[in-house]
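From a predicted model like this one, the values you see are computed outputs, not experimental measurements. Just so you know, residue 1 is the first one in the sequence shown, and it goes up from there.
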Amino acid sequence: QVQLRESGGGLVQSGGSLRLSCTASGSFVSITAMNWYRQTPGKSRDLVASMTSGGGTNYAGSVKGRFTISRDNAENTVYLQMNSLKPEDTAVYYCYADIMMGATTVRQYGYWGQGTQVTVSS
């Protein structure tokens, strides 16, 4: 069974920084994309940043220049460095990974972490 465990959320003042981490554990062949999403009550879960296994990145326009996604492939971990935080960044942040699994036939499966709360006070 694959699990994604997030950490690093919390309360920070506007202009501050936080670093989120997400580590995949379990039995699998490889991880392709690892992404961060965020969600506020009553709204959809939106993509914040994504990173392929080859290092390609993509960011939501609202976080470009402030957030940086990175990966440690050896540790199956993805990070989200969040700088210059704003109150509108307040949300539950979720890690997502596309994971290749299978003993005989390898297929891709999507997994979500449990979410970590980020609160930015003004």
Could you tell me whether the side chain of [X] and the main chain of [Y] form a donor-acceptor pair under 3.5 Å?
| X | Y | result |
| --- | --- | --- |
| Gln108 | Asp98 | no |
| Glu6 | Cys95 | yes |
| Thr90 | Val120 | yes |

Shortest non-hydrogen contact between [X] and [Y], atoms and distance:
| X | Y | answer |
| --- | --- | --- |
| Leu18 | Leu85 | N-CD1, 3.8 Å |
| Ala33 | Asn35 | CB-OD1, 3.9 Å |
| Leu4 | Gln114 | O-OE1, 3.4 Å |
| Ala49 | Leu80 | CB-CD1, 4.1 Å |

Test of ring centre spacing under 6.0 Å for Tyr37 and Trp112: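 Yes: the rings meet the under 6.0 Å criterion.
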Measuring only between side-chain heavy atoms, which start at C-beta, is [X] closer than 4.5 Å to [Y]?
| X | Y | result |
| --- | --- | --- |
| Tyr94 | Gln39 | yes |
| Asp89 | Phe67 | yes |
| Thr116 | Leu20 | yes |

Are [Y] and [X] co-members of a hydrophobic cluster defined by side-chain heavy atoms under 4.5 Å apart?
| X | Y | value |
| --- | --- | --- |
| Tyr93 | Leu11 | no |
| Tyr96 | Met34 | no |
| Ile99 | Val29 | no |
| Met82 | Val12 | yes |

Summary of side chain to side chain donor-acceptor pair (under 3.5 Å) pairs that have at least one residue in residues 8-22, sequence neighbours excluded: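 Side chain to side chain donor-acceptor pair (under 3.5 Å) check on residues 8-22 returns Ser17-Asn83.
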Selection residues 48-64 - residue pairs positive for side chain to side chain donor-acceptor pair (under 3.5 Å), sequence neighbours left out: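 Matches after skipping sequence neighbours: Arg38-Ser62.
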Stepwise side chain to side chain contact (heavy atoms under 4.5 Å, CB included) check, Tyr111 with Met101: CA-CA 12 Å; Tyr111 285 88; Met101 300 171 59; 3.3 Å; yes
Six-ring centre of Tyr79, Arg71 cation under 6.0 angstrom, axis tolerance 45°: no
Met100/Thr32 under side chain to side chain contact (heavy atoms under 4.5 Å, CB included): CA gap, chis, key distance, verdict: CA-CA 7 Å; Met100 307 300 290; Thr32 52; 4.1 Å; yes
